[in-house]
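As the structure is a computational prediction, the values presented were derived from the model and not from experiment.
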4 protein chains.
Amino acid sequence: MQADIKPRWERRKDARPQELLAAALDLFVERGYAATRLEDVARRAGVSKGTLYLYFENKEDLFKAVVRDSIVQPLGQAELDFADADGHSADLLRTLLMRWWDKVGATRAAGIVKLMMAESGNFPELTQFYNEEVIERGNALIAGVLTRGVARGEFRPVDPAVMMPVLSAPILMLMIWCHSSSPCLGARVDPRLFLATFLDNALRGLRPDGAPEGAPYAALPGPLPEK
Amino acid sequence: MQADIKPRWERRKDARPQELLAAALDLFVERGYAATRLEDVARRAGVSKGTLYLYFENKEDLFKAVVRDSIVQPLGQAELDFADADGHSADLLRTLLMRWWDKVGATRAAGIVKLMMAESGNFPELTQFYNEEVIERGNALIAGVLTRGVARGEFRPVDPAVMMPVLSAPILMLMIWCHSSSPCLGARVDPRLFLATFLDNALRGLRPDGAPEGAPYAALPGPLPEK
Amino acid sequence: MQADIKPRWERRKDARPQELLAAALDLFVERGYAATRLEDVARRAGVSKGTLYLYFENKEDLFKAVVRDSIVQPLGQAELDFADADGHSADLLRTLLMRWWDKVGATRAAGIVKLMMAESGNFPELTQFYNEEVIERGNALIAGVLTRGVARGEFRPVDPAVMMPVLSAPILMLMIWCHSSSPCLGARVDPRLFLATFLDNALRGLRPDGAPEGAPYAALPGPLPEK
Amino acid sequence: MQADIKPRWERRKDARPQELLAAALDLFVERGYAATRLEDVARRAGVSKGTLYLYFENKEDLFKAVVRDSIVQPLGQAELDFADADGHSADLLRTLLMRWWDKVGATRAAGIVKLMMAESGNFPELTQFYNEEVIERGNALIAGVLTRGVARGEFRPVDPAVMMPVLSAPILMLMIWCHSSSPCLGARVDPRLFLATFLDNALRGLRPDGAPEGAPYAALPGPLPEK
DNA sequence: GATGAATGAGGTTTCATTCAT
DNA sequence: AATGAATGAAACCTCATTCAT
């Protein structure tokens with residue numbers, strides 16, 4: 001019970017990696033991977049350049065840690081949610097996506113998606129890591145929900161591998177939009193409205209023939225609002 | 001007919017800028033702006049580092065020339081097409097977008113969009129140039145078509161400034177998709193099908209109340225194919 | 001007494017800027033501004049190229065620091081000496097010039113004068129800095145002594161602005177001579193003799209009509225030695 | 001008599017070297033040796049870079065040609081004048097110096113002196129050339145006049161090797177002054193007055209004991225004007 | 001003779017990484 | 001554990017010189 005009572009400097013010490021990860025996430029998202037200088041990361045975290053190397057082997061290792069902390073970890077939570085689920089697959093999909101948005105999409109972590117899109121070609125090792133830890137697990141999760149829904153007769157019989165990108169793409173795009181400043185487009189979408197609209201429409205499309213319309217498929221009444 | 005018979009090296013000279021622009025476009029799109037080394041551009045064009053500086057003042061100048069050559073020029077053509085148009089605004093919009101896709105979206109130039117999204121924050125001068133020469137002119141063009149359509153009663157009364165990003169965003173996203181290799185998503189969309197579907201749907205939405213359904217608004221018969 | 005006992009590398013750190021300034025002064029004077037390579041400066045100071053950039057932003061900054069350290073600082077001291085002076089203006093002028101010679105003219109710093117004369121046209125920013133920090137302050141100092149002497153009736157009524165270059169030019173020339181190796185002229189003047197002769201003659205010329213001849217105006221007895 | 005009637009382009013051709021030398025002198029004096037780009041020399045002469053290499057082997061060769069054309073040649077003329085002289089040595093010295101000033105000191109060629117002072121250390125081959133062709137011949141000429149004057153009893157018995165730099169230094173300094181823009185000093189001396197004063201004073205000093213005062217030693221009546 | 005396109009060594013500057021303290 | 005001085009590879013850019021036409 002005394003376990004976490006420590007002198008202040010020691011608590012400080014334990015907090016170091018998190019402070020570094022937060023600083024690194026900020027700068028990576030703001031400037032990109034290559035353009036982020038480790039000295040700036042260290043300074044923003046209030047430590048010296050050398051200290052950073054006490055916690056992370058090198059720049060790549062730091063970046064991987066940022067991805068693990070801000071993306072892979074929530075993804076793991078989503079996988080657990082999926083494993084524990086026992087309700088209707090439409091509700092499950094809705095829940096997973098909304099939680100994902102809250103934990104990742106709405107945070108600075110979303111900027112990682114844009115960053116990887118742009119720079120992955122130059123850093124093969126990072127690309128491999130990202131594909132294995134994020135892309136494939138994320139895709140598998142969505143495909144898993146689809147498979148579950150089809151197997152339980154809650155979704156019409158679609159090919160999960162084909163439908164999966166149709167569901168993931170809008171989420172990715174929304175993440176990019178929300179973290180692009182100038183030259184993407186001034187198109188300031190309202191993320192919650194976009195998500196609601198998109199989910200409503202996608203789930204309507206997944207309703208098996210003969211299943212009753214309305215909840216849990218359709219959440220929005222009447223005609224969708226013209227965005 | 002002797003007019004264009006020149007000594008070999010002079011013919012080379014005329015071709016050099018285009019060869020360099022092509023090499024630069026390749027590498028900028030492949031690696032990003034900052035990560036592209038001018039020596040590599042030169043080597044890919046088959047010349048030495050110094051030669052590049054005979055034709056372009058510096059890296060920034062080279063990049064601007066690439067953008068002008070591969071994006072601004074087609075945009076200017078689209079502006080002329082718009083000025084010359086005398087048909088129905090729905091057909092005009094369709095024509096402009098499809099030509100844009102052929103001239104830019106389907107070429108490597110589309111990669112520039114992704115690049116600017118990711119790196120614009122680090123290169124203010126490039127951002128300003130890109131905003132003025134590409135973003136603003138492109139936006140003005142789409143808004144112009146909308147204004148024309150509304151004025152001629154061919155589109156329902158929408159606010160062009162509000163509707164404009166709704167039309168441009170899907171095009172931008174498609175360009176990004178088609179030029180992102182690994183970690184965007186394996187989601188390999190069929191660009192022509194995507195464009196047809198998107199245009200069909202967007203124009204249906206712009207049909208004024210009371211105007212006859214079908215052409216020129218709807219081009220695809222019956223229910224849209226499940227993307 | 002323990003105050004200045006520091007770890008060895010920290011003592012090094014404090015000494016670094018001075019070591020670098022000394023090396024830079026050597027090389028700037030030896031080769032000129034443009035022809036001095038920073039790598040050589042670093043090597044002469046016993047450090048690597050990158051280390052230099054820990055202490056100075058760039059070449060220009062390094063040069064300015066050299067000028068400040070070796071010229072502006074002694075000039076500031078001379079200004080203080082002038083402000084504190086309470087004796088005869090002839091003695092003041094003699095003292096200021098002899099100290100200037102010891103602190104600057106007889107050191108490698110004198111080479112800076114030659115360097116600026118030759119290269120100032122190519123480096124406008126350096127020229128501005130040098131004019132403001134050296135030329136103008138130096139001229140003002142000499143003019144100030146003249147004004148003081150005239151006001152106190154210790155010099156005949158001369159226009160300080162007109163007489164000032166007459167006094168500064170021989171000093172400048174001597175500095176150039178003493179730091180020009182080959183093709184100025186083999187004319188090896190004896191600096192102390194030159195200074196004594198010049199001062200003696202200049203002060204004789206400044207003696208007001210009616211003032212007693214001899215000290216403090218004339219310091220050298222009888223006919224000047226044939227140089 | 002038809003000898004110099006040539007087609008225009010051929011006269012042009014013969015003029016090329018002179019045009020290049022003039023352009024090179026301008027730029028060398030303006031920017032220094034190292035900072036002068038051969039492309040700029042060629043452009044100022046109205047030819048292409050390659051053409052320059054038809055007339056001069058390389059930069060060094062061009063510089064030597066400039067020195068020969070603008071300094072060595074007048075020096076050779078002075079040597080002939082000296083050989084032909086039969087008048088009083090005081091008049092001879094006066095004549096030689098004034099002609100030197102008109103042919104060299106008052107022209108842009110005077111800037112070469114400043115340039116060599118500053119950059120000679122970096123270009124040993126140029127230094128050797130300059131020492132042999134200019135410094136030594138010039139010194140020999142002045143020493144020759146002194147020797148002649150002493151031998152003919154027109155100058156008091158001085159050691160020519162000792163007196164020589166006393167005579168050459170003021171001339172050199174005047175050349176430097178007249179071609180230094182900013183950071184030498186604003187001291188704008190009047191060259192003709194400086195020369196007259198200097199010659200008058202120097203020749204007075206060379207008058208043998210017992211020789212009549214006045215011409216040809218003193219040229220200026222009464223007290224020298226306060227410079 | 002004349003051209004000017006092409007070259008590539010060499011300079012300044014940046015920054016990930018190391019290591020003595 | 002923490003520091004921050006030091007390193008050196010690598011990038012951009014310049015310019016004397018060459019050479020095919």
* Run the salt-bridge test on C:Glu30 and C:Arg44 with the 4.0 Å N-O cut-off and return the result as yes or no. => yes

* Examine F:dT7: is either OP1 or OP2 under 4.0 Å from a nitrogen or oxygen in the side chain of C:Thr51? Give yes or no. => yes

Let's see if you can work this out: which of [options] has an atom nearest to the side-chain heavy atoms of [X]?
X       : options                : value
D:Tyr53 : F:dA16, F:dC12, F:dA5  : F:dA16
A:Leu54 : E:dT13, F:dA2, F:dA5   : F:dA2
D:Ser48 : E:dT13, E:dA16, E:dT3  : E:dT3
C:Asn58 : E:dG11, E:dA16, E:dT13 : E:dT13

* Heavy-atom donor-acceptor pair, D:Lys59 side-chain to F:dT17 base, under 3.5 Å -> no

* Asked: Is the base of E:dT12 touched by the side chain of C:Lys49 through a donor-acceptor pair closer than 3.5 angstrom?
  -> no

* How are the rings of C:Phe28 and C:Tyr33 set relative to one another: parallel (under 30°), tilted (30 to 60°) or perpendicular (over 60°)? -> parallel

* **Shortest non-hydrogen separation from D:Val41 to D:Leu52 and the atoms involved** => CG1-CD1, 3.8 Å

* Between C:Arg37 and A:Ala35, name the one whose nearest nucleotide on DNA chain E is closer to the 5' end. => C:Arg37

* Structure fact -> The answer to which of D:Gly50 and A:Glu57 contacts DNA chain E further toward the 5' end, by nearest nucleotide, is D:Gly50

* G-U wobble or Watson-Crick pairing nucleotide for E:dA16 (cut-off 3.5 Å, both distances) -> F:dT7

* **Atom-pair distance (CZ on D:Arg43; P on E:dA5), nearest Å** => 12 Å

* To do: Give the rounded distance in Å between these two atoms: CG of A:Asn122 and C1' of F:dA10.
  => 15 Å

* side chain to side chain contact (heavy atoms under 4.5 Å, CB included) partner of D:Lys64, the single match among D:Glu57, D:Glu125, D:Glu133 -> D:Glu125

